[in-house]
Amino acid sequence: MLTQEEKFEGLIEGILANGYGVCDDFLSLEEVKSLSTRFETRFDAGNFKEAGIGKQSEVHTATAIRGDKILWLESNSVDLSERILLDKNQAFIDYLNQTCYLGIIDSEIHFAKYDIGKFYRRHRDTFQAQKGRILSVIYYLNIDWLPENGGNLLIYTQENNQEKIISIAPLAGRLVCFESEKLDHEVCETFKKRLSITGWLLNC
Ligand SMILES: O=C(O)CCC(=O)C(=O)O
Ligand SMILES: [Fe+2]
């Protein structure tokens, strides 16, 4: 079992070498279960809305591009399970700032639910004036996820001037982190309800 610091180091090594890092068991099964319960409670309360694309000021939904429903987290949430996530995310930010001098001053984080048949087409997270996003972080909450459930994250990288596609399953406890400005990515159509928490680490 890796220490938290070793997990951070592994993620950073991946980012420096390839632009992205993957860490399994970043969240424990207990943490995943607690967050999923909280997620479903808030979803059932009708708090989620269709995700949009574009600037904050002119967000419009675009189901041909993305089909997830989202709920932004409050950074000062006092809910115990939300705090687990927020505090771990903050510990990663502190480590990144101390070791890589990234100057991250804030983050924005939302729950995301993809129902069966939903996807998010190829995109970049800094499209259309999304200022200050340095790193994208995605925490997955899908227990017993199978290859036939689809819903993989595809990351498009370059190797020897050729496009290379990395396919990552949204497994419970896994954290994926990548440079928001540099990497195109997409969420493949999912054949089972897919839960995740997506965040952006901001330098302004
Ligand atoms: O859930 C994922 O795997 C990626 C989500 C994503 O790309 C986004 O919300 O911008
Ligand atoms: Fe994205």
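Every number for a ligand or one of its atoms is a count from 1 in the order of the listing.
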Handout entry: Atoms of the protein (N/O/S only) found under 2.8 Å from the Fe ion (ligand 2)
Key = His123 NE2, Asp125 OD1, His185 NE2
Exercise for the section: Please check if any side-chain donor atom of Gln90 sits under 3.5 Å from a side-chain acceptor atom of Asp94, or the reverse. Expected result: yes
Practice task
Inspect the contact between Lys88 and Glu31 and indicate whether a charged nitrogen and a carboxylate oxygen are less than 4.0 angstrom apart.
Solution key: yes
Fill in the blank from the handout: atom 3 (O) of ligand 1 has as its nearest protein heavy atom Tyr140 OH, 2.6 Å
Handout entry: Where ligand 1 meets Val187 - atom numbers and elements under 4.0 angstrom, heavy-atom basis
Key = 1 (O), 2 (C), 3 (O), 4 (C), 5 (C)
Problem - Residues Arg194, Glu189: salt bridge by 4.0 Å N-O rule - result: no
Practice task
State whether Lys193 and Asp115 are salt-bridged, where the test is any N-O pair (Lys NZ or Arg NE/NH1/NH2 against Asp/Glu carboxylate O) under 4.0 Å.
Solution key: no
Handout entry: Arg42 side chain reached by Glu82 side chain, heavy atoms, under 4.5 Å
Key = yes
Exercise for the section: For Phe178 and ligand 1, answer yes if some heavy atom of the residue is under 4.0 Å from a ligand atom, otherwise no. Expected result: no
Exercise for the section: Decide whether an N or O pair under 3.5 Å exists between Asp68 and ligand 1. Expected result: no
Problem - Polar side chain donor-acceptor pair, Ser180 to Ser136, under 3.5 angstrom - result: yes
Exercise for the section: Please report which non-hydrogen protein atom sits nearest to atom 8 (C) of ligand 1, along with the residue it belongs to and the distance in Å to one decimal place. Expected result: Tyr120 CE1, 3.6 Å
Problem - Lys/Arg-Asp/Glu bridge criterion (N-O < 4.0 Å) met for Glu163, Arg122 - result: yes
Problem - NZ/NE/NH1/NH2 to OD/OE distance under 4.0 Å, Arg38 and Asp79 - result: yes
Exercise for the section: Would you check whether His185 has a nitrogen or oxygen atom less than 3.5 angstrom from a nitrogen or oxygen atom of ligand 1? Expected result: yes
Fill in the blank from the handout: If you scan protein heavy atoms around atom 1 (O) of ligand 1, the nearest is Arg194 NH1, 2.9 Å
Practice task
Give the ring-plane orientation class for Phe43 versus Phe48, where under 30° counts as parallel, over 60° as perpendicular and anything between as tilted.
Solution key: perpendicular
Exercise for the section: Using a strict 4.0 Å cut-off to heavy atoms of Asp125, name the atoms of ligand 1 that fall inside it. Expected result: 10 (O)
Problem - Salt bridge Arg133-Glu108, side-chain N to carboxylate O under 4.0 Å - result: yes
Practice task
Below 4.0 angstrom from a heavy atom of Trp200, which ligand 1 atoms are there? Numbered from 1 as shown, please.
Solution key: 10 (O)
Handout entry: ligand 1 contact by Glu186, heavy-atom criterion under 4.0 angstrom
Key = no
Problem - Between Phe26 and Tyr140, ring centroids under 6.0 Å - result: no
